[in-house]
Number of protein chains: 2
Amino acid sequence: MDAALKALAEPRRRAILRLVWSQELPATDIADTFADVSRPAISQHLAVLKDAKLVTERRDGTRRLYKANVDTMAQLRAFLDDYWTSGLERLRDVAEAAETRKRQTKGRK
Amino acid sequence: MDAALKALAEPRRRAILRLVWSQELPATDIADTFADVSRPAISQHLAVLKDAKLVTERRDGTRRLYKANVDTMAQLRAFLDDYWTSGLERLRDVAEAAETRKRQTKGRK
DNA sequence: ATCTTTCTTTAGTTGACACTTACGTAAGTC
DNA sequence: GACTTACGTAAGTGTCAACTAAAGAAAGAT
C-alpha cells in the first residue's frame, strides 16, 4: 500500500496508469505516447506499477498487455480516506508519549 | 500539488502531518515523538511539508508552531478524486496520438 | 534456421533524498 | 553581556530512483 502511494508520486507513472485506466494496452503503445523517454524507461515504470499492484500484466504472444488494477486503487483510496478522517484517537496517544518525555526533561516554560 | 503528493509518499512525513492534524505543535514536540531520528531530520521534513503547503508555520517567540493546512489537503483530495473518476476523455486523445504514430510505422499485424 | 518484432534485463551514470554531525541564529533569561 | 532554549542551515555520506545504451529472451513470420 505504501508502494502504491510512492508509485503514484511520480507524474510519469500517473500518466501511464491513466492510459491503461479503462483499456488494455501493449507496452509499445504506452511507450509511443511518451516521446521524450526511451522504451526501457517505460518498461521499468511498468514494473514498478506492477510491483505496487497498480496494474496487471497479461501475455498475448510477444506482446504484454497492461491494465489498471481497480481493486488496488480502491484500496488506496480507502486508505487515504481513512487517513484524512481518522488520526484523532491515535493523535492523543502520541501526544501523551511526547508529554511523558517532556516531563523527564523537567517541566519547561 | 505534485509536491504535496510527493511529500505524502514518505511515511515519516505522513506521521508528522497526522501529529499536527488538529492542533498546533512546536518543532521540538514533534521531533521528540520520533526517537529514532535526529531533530534536524524532522526540521527538514517540516520544510518539505511547508514547501508543499501541507503545513503552516507560525512563530511564537523562539518557538515555531506547525499545523496541518486543511485547504491544501482538501485540494489534494479533490485532485485525486478527479484522477480516479476522470481521464476517460483525455484517454481517447492519447490513444489517437499513439494510433497516428503507429500508422506511420506502416500498419503492423 | 534465420530474422523481426516486442518487450524485459543488465550495467552504468546521474541526481535526488533521508539522514547525520556541526554550526549559526534569534528570542528570551539571568 | 553571558547563557540557555528552540530552532534552522551547511556540509557531507550512503542509498535509492530514473534514465540511457546495449544486450538478452521469447514468440511469430519467412
Side-chain angles (χ1 to χ4, degrees), chain A residues 2-17 19-20 24-52 54-67 98 101-102 104-109, chain B residues 2-17 19-20 24-52 55-67 98 101-109:
Chain A
D2 204 69
L5 232 179
K6 214 168 159 191
L8 276 183
E10 177 66 42
R12 195 95 64 176
R13 281 195 286 264
R14 283 201 299 275
I16 292 176
L17 188 59
L19 269 178
V20 293
E24 277 185 329
L25 279 181
T28 305
D29 283 18
I30 300 174
D32 283 352
T33 311
F34 305 94
D36 55 331
V37 160
S38 69
R39 203 185 44 252
I42 301 297
S43 188
Q44 284 156 15
H45 277 308
L46 283 169
V48 172
L49 288 170
K50 200 175 73 176
D51 282 359
L54 279 168
V55 301
T56 55
E57 182 197 287
R58 186 172 68 92
R59 283 180 147 97
D60 171 41
T62 67
R63 301 187 310 175
R64 306 202 185 181
L65 301 169
Y66 291 93
K67 197 188 165 199
R101 213 164 302 132
K102 216 184 307 170
Q104 80 193 64
T105 322
K106 194 105 179 296
R108 64 140 181 44
K109 167 85 202 187
Chain B
D2 204 69
L5 232 177
K6 214 168 158 189
L8 278 183
E10 177 65 40
R12 193 95 62 178
R13 280 195 289 262
R14 283 201 301 273
I16 292 177
L17 187 60
L19 268 179
V20 293
E24 278 185 327
L25 279 182
T28 304
D29 283 18
I30 300 174
D32 282 351
T33 310
F34 304 94
D36 56 330
V37 159
S38 71
R39 202 178 42 68
I42 300 298
S43 189
Q44 284 157 18
H45 278 309
L46 283 169
V48 172
L49 287 170
K50 200 175 74 175
D51 282 359
V55 301
T56 55
E57 181 197 288
R58 185 173 69 91
R59 282 179 147 96
D60 171 41
T62 67
R63 301 187 308 174
R64 306 202 185 181
L65 301 169
Y66 291 92
K67 197 189 165 200
R101 213 165 303 130
K102 216 184 306 169
R103 225 182 295 283
Q104 80 193 64
T105 324
K106 193 106 177 291
R108 63 139 182 47
K109 185 10 184 271

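Throughout, a chain's letter reflects where its sequence line sits, starting with A, and its residues are numbered from 1. All heavy atoms count here, side chains included; hydrogens, waters and symmetry mates do not.
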Contact class for [X] (heavy atom, under 4.0 Å): base, sugar-phosphate, or nothing?
X	result
B/D36	sugar-phosphate
A/A27	sugar-phosphate
B/K50	nothing
B/E10	sugar-phosphate
B/R59	nothing

Would you say B/R14's side chain and B/L8's backbone share a donor-acceptor pair under 3.5 angstrom? yes

For the backbone of A/A31 and the side chain of A/R39, can you confirm whether one donor and one acceptor N or O come within less than 3.5 Å of each other?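 No: the side chain of A/R39 does not pair with the backbone of A/A31.
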
Starting at atom [atom1] of [X], determine the distance to atom [atom2] of [N], rounded to an integer number of angstrom.
X	N	atom1	atom2	answer
B/L49	C/dC17	CG	C1'	14 Å
A/L25	C/dT6	CG	P	14 Å
A/R63	C/dT8	CZ	C1'	17 Å
B/D29	D/dA6	CG	P	9 Å
B/D51	C/dA16	CG	P	15 Å
A/Q44	C/dT6	CD	P	20 Å
B/L8	C/dC17	CG	P	15 Å
B/I42	C/dT20	CD1	P	9 Å

Can you find a side chain N or O atom of [X] that sits less than 4.0 Å from OP1 or OP2 on [N]?
X	N	value
B/S38	C/dC19	no
A/H45	D/dA17	no
A/R12	D/dC19	yes
A/T62	D/dA27	no
B/K6	C/dA16	no
B/R13	C/dA18	yes

Want to settle it: does A/R39 or B/V48 sit nearer the 5' end of DNA chain C, counting the closest nucleotide to each?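 Final value for this comparison: A/R39.
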
Measuring from the side chain of A/P40 (C-beta onward, heavy atoms only), which nucleotide among D/dC19, C/dT21, C/dT9 has the closest atom? C/dT9

To the closest 0.5 Å, what do you measure between OH (B/Y66) and CZ (B/R58)?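 Interatomic distance, B/Y66 OH to B/R58 CZ, rounded to 0.5 Å: 12.5 Å.
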
Could you tell me the separation between the CG atom of A/L19 and the CG atom of A/L25, rounded to the nearest 0.5 Å? 6.5 Å

DNA chain D: 5'-proximal contact among A/D60 and A/A41 (nearest heavy atom):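 Looking at DNA chain D, the more 5' nearest nucleotide goes with A/A41.
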
Kindly determine whether A/K6 and A/D51 satisfy salt bridge (charged side-chain N to carboxylate O under 4.0 Å, His left out), including the steps that lead there. CA-CA 11 Å; A/K6 214 168 159 191; A/D51 282 359; over 6 Å; no

Expected output check: what is the dot-bracket annotation of DNA chain D, where ( ) and [ ] are pairs inside the strand (brackets for crossing ones), | is paired with another strand, and pairs are Watson-Crick or G-U under 3.5 Å? ||||||||||||||||||||||||||||||

Is it true that A/K67 and A/E24 make a salt bridge, defined as a side-chain N closer than 4.0 Å to a carboxylate O? no

For A/D29, is there an ion pair with A/R63 - N to carboxylate O distance below 4.0 angstrom? no

Test side-chain contact (heavy atoms from CB on, under 4.5 Å) applied to A/I16 and A/L54, A/V55, A/I30, A/V48, the passing residue: A/I30

